[in-house]
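All heavy atoms count here, side chains included; hydrogens, waters and symmetry mates do not.
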Amino acid sequence: MTQRFIIIEKDFIPEHTFECGQCFRWNKTDNGNYIGIVSDSVLEVIKEHDKYFVYFENKEEDFIKEYFDLNRDYNMLINEILSMDDKLRDAVKYGFGIRILRQDIWECIISFIISINNNIPRIKKIIENISRYYGKEIYYKGRVFYSFPKPEVLAKASEKELRMLNCGFRVPYIINAAKMIESGDVDIYGLKNKSNEEVRKELMKLPGVGEKVSSCIMLYSLGRFDIFPVDVWIKRIMENIYLKRYESPREIEKFALARFKDKAGIVQQYLYFYFRNNKDFLKGISKSGC
DNA sequence: CCTCAGGGCTCTC
DNA sequence: GAGAGCCCTGAG
């Protein structure tokens, strides 16, 4: 069993990358490293002598490099962000080491359908439940892990089973989205060369995929940084820091895209990570409203 | 015991 | 365009 590794030396802190809310299948191990299931493989990120080693099996190096977005210079991105907006200094400094992972689009779609009106610990639990129930076994270092099931599998899943796995009101969304993808009614594998508008239109054909979920898919699986997902937290943060008034998610996205341009996606990530972990800085703004 | 919110969406009006 | 309702769980 060949085990290989590559080194990530620059602009990377595992805790920031894996716990900024973009992914749900990475977990911290007892010794402080991270282990995750990525498509049909188990990956480990291990710190040795101040360097991070990615261990993997059954994958090409190019896959790993793309997954960790290693061809992008985040340090340069940060400098450009700071040069155009000083308000982001604290958030960028705090979130240094976040990389936007290039996730599998199918798993990303279902993951963010599950995220609807849900919280992160429960999202992780539901995805784990689905993988254990429907996924394939992966053996890694004598342990068993489970891959996320393919569209054809979830297309045939029963409502009863998925309810048992705690998917709740999202059950019909999941099954019908899987059916539409499996049948080819919605083409999720031919989106690469399409415009943001075209991609969003295609994704929103899927039940349970609205503006925000489609934005997450475009950012986290297509690597489109000129996208700014607006959830309840980002809404609050933007209203608090920039707008000083209640505003609709659509207007907030418009504002952010105009201001942060092709770096909006990573800015969104820094803001989310920083303010979720420092909620006190958001006192003074109401929790909802628009 | 209760209410409320959580990386929102759909359906109805 | 606005508003109610939603499966479930932990927090308060």
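- To the nearest whole angstrom, the two P atoms, one in dC4(B) and one in dA4(C), are 13 Å apart.
- Of the P atoms belonging to dT10(B) and dT9(C), the separation is 24 Å, rounded to the nearest Å.
- At the heavy-atom level, Phe112(A) lies nowhere under 4.0 Å from the strands shown.
- For Glu247(A) and dG1(C), the CD to C1' distance is 14 Å, given to the nearest whole Å.
- Applying the side-chain contact (heavy atoms from CB on, under 4.5 Å) test to Asn277(A) and every residue at least two apart in sequence or in another chain returns Tyr94(A), Phe273(A).
- In this structure, Ile217(A) places its CD1 atom 13 Å from C1' of dG8(B), rounding to the nearest Å.
- Ionic pairing of Glu48(A) and Lys51(A) is not present here: no N-O contact between side-chain nitrogen and carboxylate oxygen is shorter than 4.0 angstrom.
- At the heavy-atom level, Gln22(A) lies under 4.0 Å from base atoms of the strands shown.
- For Lys125(A) and dG10(C), the NZ to C1' distance is 9 Å, given to the nearest whole Å.
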Using the 3.5 Å cut-off, write out each protein N or O paired with an N or O of nucleotides 5-8 of chain C and the distance between them.
unit_1, atom_1, unit_2, atom_2, d
dC7(C), O4', Phe169(A), N, 3.2
dC7(C), O2, Arg122(A), NH2, 2.8
dC7(C), O2, Arg170(A), NH1, 3.1
dC7(C), N3, Arg122(A), NH2, 3.4
dC7(C), N3, Arg170(A), NH2, 3.1
dC7(C), N4, Asn117(A), O, 3.0
dC7(C), N4, Asn117(A), OD1, 3.0

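- The pair Asp85(A)-Arg259(A) meets the salt-bridge criterion, since a charged nitrogen lies less than 4.0 angstrom from a carboxylate oxygen.
- Looking at Glu61(A) and Lys65(A), a side-chain N of the basic residue comes within less than 4.0 Å of a carboxylate O on the acidic one, giving a salt bridge.
- If you take CD1 of Ile109(A) and P of dC9(B), they are 13 Å apart, rounded to a whole angstrom.
- Counting only residues at least two apart or in different chains, side chain to side chain donor-acceptor pair (under 3.5 Å) contacts with residues 108-121 of chain A comprise Asn118(A)-Arg122(A).
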Using the 3.5 Å cut-off, write out each protein N or O paired with an N or O of nucleotides 2-4 of chain B and the distance between them.
none

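- Using a 4.0 Å heavy-atom cutoff across all strands shown, Gly208(A) reaches sugar-phosphate atoms only and no base atom.
- Taking the six-membered ring where the residue is Trp, the centroids of Phe145(A) and Tyr139(A) are separated by 6.0 Å or more.
- Residue contacts shown for Val213(A) are limited to sugar-phosphate atoms, with no base heavy atom under 4.0 Å away.
- Remark: Tyr242(A) pairs with Phe255(A), Phe260(A) by the ring-ring contact (aromatic ring centres under 6.0 Å, His included) rule, at least two apart or across chains.
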- Paired and unpaired positions of DNA chain B as dot-bracket, Watson-Crick or G-U wobble under 3.5 Å, | denoting a partner strand: .|||||.||||||

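- One interatomic measurement links the two molecules: CE of Met204(A) to C1' of dT10(B), which rounds to 11 Å at whole-angstrom precision.
- Ion pairing between a basic and an acidic side chain is recognised when a charged N comes within 4.0 Å of a carboxylate O; Lys263(A) and Glu80(A) show such pairing.
- Salt bridge present: Arg200(A) and Glu211(A) bring a charged side-chain N and a carboxylate O closer than 4.0 Å.
- Lys141(A) has a carboxylate O that lies under 4.0 Å from a charged side-chain N of Glu44(A), or vice versa, which qualifies the two as a salt bridge.
- Across the protein-nucleic acid pair, Asp231(A) atom CG and dG6(B) atom C1' stand 10 Å apart, rounded to whole Å.
- Nucleic acid contact for Cys20(A): base, since at least one base atom lies under 4.0 Å from a heavy atom of the residue.
- Straight-line distance between the P atoms of dG10(C) and dC9(B): roughly 25 Å, to the nearest whole Å.
- Nearer to the 5' terminus of DNA chain B, by closest-nucleotide assignment, is the contact made by Trp233(A) (compared with the other of Leu206(A) and Trp233(A)).
- Within 4.0 Å of Tyr220(A), counting heavy atoms only, lies at least one base atom of the nucleic acid.
- Within the cation-pi definition used here (under 6.0 Å to the ring centroid, within 45° of the axis), Arg72(A) qualifies as a partner of Phe225(A).
- In this structure, Glu247(A) pairs ionically with Arg245(A), as a charged nitrogen and a carboxylate oxygen lie closer than 4.0 Å.
- Of the inter-residue distances, the one linking Leu203(A) atom CG with Ile109(A) atom CD1 reads 5.5 Å to the nearest 0.5 angstrom.
- For Asn176(A) and dT10(B), the CG to C1' distance is 13 Å, given to the nearest whole Å.
- Rounded to whole Å, the distance from NZ on Lys279(A) to C1' on dA11(C) is 11 Å.
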